[in-house]
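Report on one structure; see the data block that follows.
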Amino acid sequence: EVQLVESGGGLVQPGGSLRLSCAASGFTFSRYSMNWARQAPGKGLEWLSFITGSSSTIYYADSVKGRFTISRDNAKNSLFLQMNSLRVEDTAVYYCAREGFNYESDYWGPGTLVTVSS
Amino acid sequence: QTVVTQEPSLTVSPGGTVTLTCAFSTGAVTSGHYPNWFQQKPGQTPRALIYSTNNKHSWTPARFSGSLLGGKAALTLSDVQPEDEAEYYCLLFYAGAHWEFGGGTKLTVL
C-alpha cells in the first residue's frame, strides 16, 4: 500500500526556517517524481515544487523560488522541503504527493500544518 | 501571471449531470497541459480523480469523466450522488516547468 506521511510542521516566527519531511513507503521511491503543495486555511490548493526521482530536474513556483528548497534521499525513502525566510502568508497545510509516469498526481499524504506567526 | 479559472460554485440535483470546467489565462487548454482533477471534502486530503485529460485512477468511480471542451479541461459527473458534494480542483502543467491549480469549484448536491 502506498503511503506518504509528512512531518516537521509547527509554529515558527516570521523570518524563520523549517524543514518538512515526507516519508514514503509501499512503492519504489526512487522511480517516482514527487511534488509539494500547500493549502492555506480556507483557501485553495497551491503547487510549490517538483523533483524527479534522480533529483536531476527541479521546479519551483514563483511564490517560493529562492526561499524554499526541495530535495530527497532515495536511500531513506524521504522527500524534504527546506523553507527559509518564512512569511505569515506561508501559513498552510503542506502536502507531499507522488507523481506517476503519465503526469499524474496520484497519492497524497495527510499533510502537516505550518503556522508562521509572531 | 498565469491563472487557472474554475467556476466558483455549481449546484446539481441527485441523479443529475454536471460539468465543471478549467480555463487557462494564456489560451486554450490542450492535452499537453496534462489536466488532472481532484476531489476534496472538508477536513480531508485531496483525492486524485482524473489525469492526463481523461484517464481515471483505479479508485475513480465510473460516473466521473474528463475531457477537453471548448478550449477548457472539463470534469463531468453523471448520475450525481450525495457523496459527490465536495470541492473540485483542476491542475495544469505549463511552460515545461510549472503546475498550477485552479481556484476550485464548490459542488453542492441539492
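Here is the naming used below: chain letters follow the sequence lines, and residue numbers restart at 1 for every chain.
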key: Reported OG1-to-CG distance for the pair T45(B) and L4(A), which is rounded to 0.5 angstrom   = 10.0 Å

query = In terms of heavy-atom proximity below 4.5 Å to chain A, should E87(B) be classed as side chain, backbone, both, or neither?
reply =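 Contact with chain A involves no heavy atom of E87(B) at all.
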
Which portion of H57(B) sits near chain A, non-hydrogen atoms under 4.5 angstrom =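 It is the side chain, since no backbone atom gets that close.
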
ask   = Less than 6.0 Å separating the ring centroids of F93(B) and W47(A)?
value =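 Centroid distance F93(B)-W47(A): not below 6.0 Å, so no.
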
CA sep, side-chain torsions, deciding dist, call: Q40(B), W108(A), side chain to side chain contact (heavy atoms under 4.5 Å, CB included) = CA-CA 12 Å; Q40(B) 188 179 34; W108(A) 289 53; over 6 Å; no

ask   = Side chain, backbone, both or neither: which part of A37(A) has a non-hydrogen atom closer than 4.5 Å to chain B?
value = side chain

message = Given heavy-atom pairs under 4.5 angstrom as the criterion, report whether the side chain, backbone, both or neither of Y60(A) touches chain B.
response =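 Backbone of Y60(A) only, per the 4.5 Å heavy-atom cut-off to chain B.
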
Should [X] and [Y] be regarded as members of a common hydrophobic cluster, given that ILVMFWY residues are connected when their side-chain heavy atoms come within less than 4.5 Å of each other, either directly or indirectly?
| X | Y | value |
| --- | --- | --- |
| F80(A) | V114(A) | no |
| I58(A) | F68(A) | yes |
| Y89(B) | V93(A) | yes |
| V64(A) | L113(A) | no |
| I50(B) | V80(B) | yes |

Of all heavy-atom pairs between [X] and [Y], which one has the smallest distance, and what is that distance?
| X | Y | value |
| --- | --- | --- |
| A48(B) | S105(A) | CB-O, 3.2 Å |
| L45(A) | F101(B) | O-CB, 3.4 Å |
| N36(B) | E104(A) | OD1-CA, 3.5 Å |
| Y95(A) | Q44(B) | OH-O, 4.1 Å |

query = Quick one: does S52(B)'s side chain have a donor or acceptor within less than 3.5 Å of a partner on N102(A)'s backbone?
reply =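 Yes; judged by distance alone, with no hydrogens or angles, the pair exists.
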
task = Name the orientation class of the two ring planes belonging to Y103(A) and Y34(B) (parallel below 30°, tilted from 30 to 60°, perpendicular beyond 60°).
result = parallel

Answer yes or no: are there more than 12 heavy-atom neighbours, outside [X] itself, under 6.0 Å from its atom [atom1]?
| X | atom1 | value |
| --- | --- | --- |
| K41(B) | NZ | yes |
| K65(A) | NZ | yes |
| R31(A) | CZ | no |

ask   = Which one of A97(B), G104(B), G103(B) has the most heavy-atom pairs closer than 4.5 Å to chain A?
value = A97(B)

task = Under 4.5 Å, counting heavy-atom pairs only, tell me which of Y51(B), W99(B), W59(B) racks up the most with chain A.
result = W99(B)

